Amino acid sequence: NADTHGRPGKPQGVGARVPRKEDARHLHGKGNFVADMAMPGLCEVAFLRSPLAHARIASVRVAEQIADKAFVRQAMADARDIVADSTLPSYQVSAQPPLASGKVRFVGEPVAMVFAPTRAEAEDYAELIEVDYDDLPVYADVVSAQAAQGDFVHEQWRDNVFVTLNVDKQFDELAAQADVVVRRKIDLSRQCMVPMEGKAVLAYWDHQADQLVVVSATQVPHMIRSVLAQCLDLEQGRVRVVSPDVGGAFGYKCVLQQEELCVAWLAKTFKKPFRFIEDRREHLTAGANSREHHYEMVAYADRRGKLLALDAKITIDGGAYSVWPFTIGLEPGQAIGNLPGPYAFKGYRCVTRAVATNKPGFVPYRGVARTGVCFAMELTMDAIAREVGREPWEIRQENLVQGDQMPYVNVTGKHLDSGDYPASLQQAMDMIGVDAIRERQRQGEADGRLIGVGLATYTEQAAHGTSVFAAWGTPVIPGFDQATARVTPDGGLELRVGVHSHGQGMETTFAQIANEILGVDVASIKLLHGDTGQTPFSTGTYASRSLVMSGGAVSQACKRLLPRLTHIGAHLLQADPASVAWNGDRLEAGGKSVSVKDVADAWYLRPQLLPPDVDPAGLEVTVGYKPKVDTGCFTYATHAAVVAVDPGTGGVEILDYVVVEDCGTMINPMVVEGQTIGGVAQGIGTAFYEETPYDDNGQPLASTLADYMLPGATEVPNMRLHHFETPSPHTEFGAKGMGEGGAIAPPAVLFNAVNDALRPLGAAELLRTPLSPTRVLAAIAQGSRK
Ligand code: MCN
Ligand code: SMO
């Protein structure tokens, strides 16, 4: 295994670049996704969706010929609405019916469902349902929604605001001391998540187990099991949720989706198999959205650019319904708490509100609110640098929490646990060669393009525990994870975890953790995940928490197994337990050795060889785990880029992109790099291409991948990555979560770089995603009019 770059004696352990075990099956087309599954009598489900954004349902007529296969809300009287409640004082709760009831609140909302042996037939049948609507005023944006005097998105509400959060820390006092005041309005546009596989769910009744089995592309099988049992009035023992191979999730699949509930209801009611596979158009026009944040930033700094106080107003377009379990409270909660990011300023006033509009609901998307806050904060930092006439990196060096201040509690009470933020920034500047770029800018480009350099530094709060979610109003999030580790009779190892790996590489990295402790070959370790019938109760995969929480539980489980293996092994060797030592998966004493396989053989098949005081719990252990501190660990990074802008076409090319990140101890640096690169690719999409636009009637304007642009391989440059490894004091091995980080910084970095490039033209600053060529040209034109 020399090619894995592991440590001597631990070539597959923590820190080794072990190739991903899961790749072979995907590369050979052997993945097993919901759409691949076959089952006798399987019926496909299609939804009739609302063509209007806000309207009362006046009447529904179902043609006689489909009366036994078409359903509206009233037909599902025994199913409950999806209610994501919150403990935040100002929160107004939305009840999301599985099928629209009384009125529709966004274009694409399911109004009726139909099943048939094929999807095409089901779609044809859906056209035999006629619905009459009475128009209601449409709130297609946060401005019109907040101006509404009546006819709110939710009738019983007092206005169209889901929730408002406020913070004021020494603001007036510190703002009064400022020499410069910088104001910017910054907007992050609405987006879809566009995983390769959309929503997908297959449900059937297992008569033998007398159980509803829901096979769903989900990140959180155990939580989905709880909520389905609740919505369908079933005991938890009557529900099993299985998440098979999942073709990307990115947050889209960490909530209960109404189609999931509908298909589960069909299977429960008819005791037959049903399936729904979301198509691309449904995803783009009816599936939940993310990202839409509007910022009004006012920064108060001294003459050198040191930030004294920040005043921010953040408005989030929450769409029509709050999602279960996180609620829309997650987004403003995370925004208000994370806006200060890695900076040490002390004066902070912020009002954040999530507004209900007639658009699909809002789900967390890779990076969650942190992509928005990084965008707003880092564009503001550059604006301060312009104002005081200093380099953007100099301003940041002064404002960052310094290495010797760690651990540091910041203005919003975040416990920044470890690391050296200024060193990360310095490293990124060295790698990007900021001085050489400035020189190149002075020389000018032969082809007439303009060069710009941009950077962003951020913190990525990861693996937050129960208390953090409770502070965001969602006490239903358990916040711990469990793992089972079992030595199999052949000396292999089975790990069972309740999180779900859908591209993160956990089948490999969790095996590396077990290998580190037990020495069992990674090839002989099997990770079972994502099936409530086979795994201990756990929270699930989101918030870059799986490694810290579930990997932590794997570590703990293996650590509990080890002394049991040693105890039996020493007895087999007839050695004093104090004199034995593990070398890989062999226990050695006095020139003799036994393997884990020999120990397993004794435990399972030769009880006469066991020590008399052997632990009857044997070679299997289940343990729960939470890190020592449950406020999350803080990964951080600096990204920097060089771009070339063509002032004639508005086209932008990324010439160089560097990432300097610190996620504590890396279990597998190659997996960390893959996660980072994938995240940056998505961030490039947010920066340059992706937007889900709506017209004033709430009609979605991007319904295919021809009008919803995604970055392709040619738009994503080769990046250069550098790692710092400052162990977290709170977690197993000192590892911190990092699965979202790549997607946090790119919009900020790339906007700063383009704005830097356009400066000599006196162009207007670009402050709204996506940064399309049209908008670049408009910014140049606006500058020349000045
Ligand atoms: N890792 C490591 N060393 C560290 C930190 C992480 O080796 N110090 C490894 C872990 O072992 C794991 C991977 O990196 O294999 C990611 O770990 P972690 O940061 O714990 O994140 P999660 O596993 O909880 O994944 C969730 C995260 C989120 S929230 C989104 S959104 C996202 C992401 O992962 N969605 C993804 N990455 C994705 N990648 C793919 N391919 N598909 C998605 O849907
Ligand atoms: S958006 Mo990731 O699933 O927390």
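These numbers come from a predicted model, not from an experiment. Numbering of ligands and ligand atoms starts at 1, following listing order. Because only heavy atoms are used, hydrogens play no part in the values below, and waters and symmetry mates are left out as well, while side chains stay in. Positions are given from 1 along the sequence.
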Check ligand 2 against [X] and write out every atom of the ligand that is under 4.0 Å from a heavy-atom position of the residue.
X	value
R366	1 (S)
Y542	3 (O), 4 (O)
Y365	1 (S)
E740	2 (Mo), 4 (O)
Q219	3 (O)
P364	1 (S)

Please work out whether the ring planes of [X] and [Y] are parallel, tilted or perpendicular, with thresholds of 30° and 60°.
X	Y	value
Y252	H283	perpendicular
H293	F362	parallel
W472	H464	perpendicular

Check if [X] has a non-hydrogen atom at a distance under 4.0 Å from any atom of ligand 1.
X	value
G505	yes
G664	no
A543	yes

So is G251 polar-close to ligand 1, meaning N/O to N/O under 3.5 Å?
->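 So ligand 1 has no N or O lying under 3.5 Å from an N or O of G251.
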N/O to N/O below 3.5 Å, does that happen between M738 and ligand 1?
-> yes
Below 4.0 angstrom from a heavy atom of M666, which ligand 1 atoms are there? Numbered from 1 as shown, please.
-> 3 (N), 8 (N)
Output yes when a side-chain donor or acceptor of S290 lies under 3.5 Å from a complementary backbone atom of A288, and no otherwise.
-> no
Does an N or O from C254, backbone or side chain, lie closer than 3.5 Å to an N or O of ligand 2?
->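 C254 vs ligand 2: no N/O contact under 3.5 Å.
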Heavy-atom distance to atom 24 (O) of ligand 1: which of P727, P669, S546, G367 wins?
->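 The option holding the nearest heavy atom is S546.
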Considering only NZ, NE, NH1 and NH2 on the basic side and carboxylate oxygens on the acidic side, decide whether K559 and E732 come within less than 4.0 Å.
->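 E732 and K559: salt-bridged.
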Using 4.0 Å as the upper bound for N to carboxylate O, is an ion pair formed by E516 and R7?
->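 Result for this pair is yes, salt bridge flagged.
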Can you establish whether the number of heavy atoms outside R560 located under 6.0 Å from its atom CZ is more than 12?
-> no
